[in-house]
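Quick note: numbers below take in every heavy atom, side chains included, and nothing from hydrogens, waters or symmetry partners.
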Amino acid sequence: MWEADWIWRDERFALADGDDELLGFLAEMLHPAVRTDADEVERLRAWMNETLAHDGYELTAVDTISGAPVFTARTVGAGVSGAMKNLFFAADGPKPEFVLGDAINNDVLLVKNGEFCLQYDQALGATGLTWGDLITWWRAHAPFPEDATDQDVGRALYKRLSASLHRDPKRPEWVSPERKVFRAYCRRYPIDGSGAHYPALIPQVYLHLDPRTRLERGGRDSILGRERMDFLLLLPRGVRIVVEVDGQQHYSEGDMASPRLYSKMVSEDRSLRLKGYQVYRFGGHELGLSAAPAMLHNFFGQLVEHRH
């Protein structure tokens, strides 16, 4: 006969080591492979969330299987609800053009300039999107010899992702602030086997898809707001972190400070935060200082490792 407090000592729940094992177990209790009655799943989820709320956790849907929700646990108020459906990123040429192939299912199709844009088409796992996931995808996406190592594939992926970042053809030796951020992250968490379990820093991610270019809009901003994120991290439990690099064009028009541009920027940040995204900004000036590499190294360490 088990004692009343058996759960606290059972190594399968590892409660002495933290909350992750128990939270994962609770999420699996609602998995479609375990329970098929949608009403029962919802009743259990509501009861669990009412109980978990006292410790700051909740169970939220992050994916579906045959229309049934798949849940994960997260800190209350953290993360973005719903499953990732589209990830278009690292465009290094003309703007890609998209259409809704099936508006009912939210199927987005790339119909033009797709060769200049990457599309991650795999489901997002419980660990978010890691360098290991991206290496596996890139190995299948691009032709590599069978004996290519993860280091070979990672090196090619690094080169392709870097190609989407800002550069000045007139100053080939100049390293843009965006490239400094990407290099600093990849030095700490390399795109190879040694960094495979760390989250991928994804550059130039499309957030909104306006089919018209700025020229076609008569120079006006899109009504959808910010079109691309400089960098995105997809972490476990629906946590999505946006890293933005602000050059002069973000807050001034010519040499004059622009309250309009600044207001637009902070308004878009508020919208992202209300959706559950976390937004961190770097000024181009601070990234040009000699202390920038050490600052970025420490920043990414604090950002990633306490969540890892």
With under 30° as parallel and over 60° as perpendicular, where do the rings of Trp137 and Phe89 fit, or are they tilted in between? tilted
What distance separates Leu161 CG from Lys159 NZ, expressed to the nearest 0.5 Å? 12.5 Å
Taking the side chain as every heavy atom from C-beta outward, state whether Tyr277 and Ser271 have any atom pair closer than 4.5 Å. no
I'd like to know if the side chain of Arg139 and the backbone of Phe144 have a donor-acceptor N/O pair within less than 3.5 Å. no
Say you draw a straight line from CG of Leu52 to CG of Leu59; how long is it, rounded to the nearest 0.5 Å? 5.5 Å
Does a donor on one side chain and an acceptor on the other come within less than 3.5 Å for Thr136 and Asp133? no
Is there a chain of hydrophobic side chains (I, L, V, M, F, W, Y, each step under 4.5 Å between heavy atoms) that links Val279 to Val205? yes
Closest approach of His166 and Ser176, non-hydrogen atoms and distance? O-OG, 2.7 Å
Show your working on side-chain contact (heavy atoms from CB on, under 4.5 Å) between Glu58 and Asn49 and close with a plain yes or no. CA-CA 5 Å; Glu58 63 181 351; Asn49 278 349; 3.8 Å; yes
For Phe282 and Asp230, what are the C-alpha separation, side-chain angles and deciding distance, and is it a side-chain contact (heavy atoms from CB on, under 4.5 Å)? CA-CA 11 Å; Phe282 289 97; Asp230 287 338; over 6 Å; no
When rounded to the nearest 0.5 Å, the distance separating CD1 of Ile202 from CG of Leu234 is 4.5 Å
Linked, directly or transitively: Val181 and Leu207 (ILVMFWY side chains, under 4.5 Å): yes
Nearest-0.5 Å distance, CG of residue Leu110 to SG of residue Cys117: 5.5 Å
Distance-minimising heavy-atom pair for Met229 and Glu244: CA-OE2, 3.5 Å
State which residues pass side-chain contact (heavy atoms from CB on, under 4.5 Å) with Asp55; sequence neighbours excluded, sorted by chain then number. Tyr57
Check this for me: does any side-chain nitrogen of one of Asp192 and Arg155 sit under 4.0 Å from a carboxylate oxygen of the other? no
Decide side-chain contact (heavy atoms from CB on, under 4.5 Å) for Arg240 and Gln278; before the verdict, give the C-alpha distance in whole Å, the side-chain angles of both, and the deciding distance to 0.1 Å. CA-CA 6 Å; Arg240 301 180 188 177; Gln278 299 176 30; over 6 Å; no
For Phe299 and Tyr280, I'd like to know if the aromatic rings sit close, meaning centre-to-centre distance below 6.0 Å. yes
CA sep, side-chain torsions, deciding dist, call: Arg281, Asp269, salt bridge (Lys or Arg N to Asp or Glu O under 4.0 Å): CA-CA 10 Å; Arg281 289 190 169 276; Asp269 281 357; 2.7 Å; yes
Shared ILVMFWY cluster between Val239 and Leu274, side chains joined below 4.5 angstrom? no
Tell me, please, which residues at least two apart from Phe71 pass ring-ring contact (aromatic ring centres under 6.0 Å, His included). none
Common cluster, Leu289/Val245, ILVMFWY with side-chain heavy-atom separation under 4.5 Å: no
Which atom of Asn113 lies closest to which atom of Pro94, heavy atoms considered: ND2-CB, 3.6 Å
For the pair Phe182 and Trp131, name the ring-plane relationship: parallel under 30°, tilted 30 to 60°, perpendicular over 60°. perpendicular
Are any non-hydrogen side-chain atoms of Lys112 and Lys95 less than 4.5 angstrom apart? no
Applying a strict under-4.5 Å side-chain criterion to I, L, V, M, F, W and Y, I'd like to know whether Val243 and Leu87 cluster together. yes
Can Phe88 and Tyr120 be said to form a ring-ring contact (aromatic ring centres under 6.0 Å, His included), step by step? CA-CA 7 Å; Phe88 299 101; Tyr120 186 78; over 10 Å; no
If I compare all heavy atoms of Lys180 with all of Leu296, which pair ends up nearest, and what's the gap? O-CD1, 3.8 Å
Value rounded to 0.5 Å, distance of CG in Leu287 from CZ in Arg179: 14.5 Å
Above 12 or not: heavy atoms from other molecules or residues under 6.0 Å from CD of Glu146? no
Say whether, by atom type as modelled, one donor and one acceptor occur between the side chain of Asn298 and the main chain of Ala294 under 3.5 angstrom. yes
If I compare all heavy atoms of Leu157 with all of Ile135, which pair ends up nearest, and what's the gap? CD2-N, 4.4 Å
How about Pro32 and Val70: do any of their side-chain heavy atoms sit closer than 4.5 Å? yes
Arg188 (side chain) donor-acceptor with His297 (main chain) under 3.5 angstrom: yes
Distance check, rounded to the nearest 0.5 Å: Asp102 atom CG versus Asp107 atom CG? 5.0 Å
Side chains of Val111 and Phe98: closer than 4.5 Å at any heavy-atom pair? no
Hey, are Glu42 and Arg45 close enough for a salt bridge, meaning a charged N less than 4.0 Å from a carboxylate O? yes
side-chain contact (heavy atoms from CB on, under 4.5 Å) between Ser164 and Gln204, intermediate numbers included: CA-CA 7 Å; Ser164 69; Gln204 300 299 308; 3.9 Å; yes
Is it the case that over 12 heavy atoms from other parts of the model lie below 6.0 angstrom from the CD atom of Glu115? yes
Are Gln151 and Ile191 packed together at the side-chain level, in the sense that at least one heavy-atom pair is separated by less than 4.5 angstrom? no
Search all heavy atoms of Tyr189 against all heavy atoms of Gly301 and return the closest pair with its distance. OH-CA, 3.5 Å
Find out whether Pro199 and Thr130 are in side-chain contact, i.e. whether some heavy atom of one side chain is under 4.5 Å from a heavy atom of the other. no
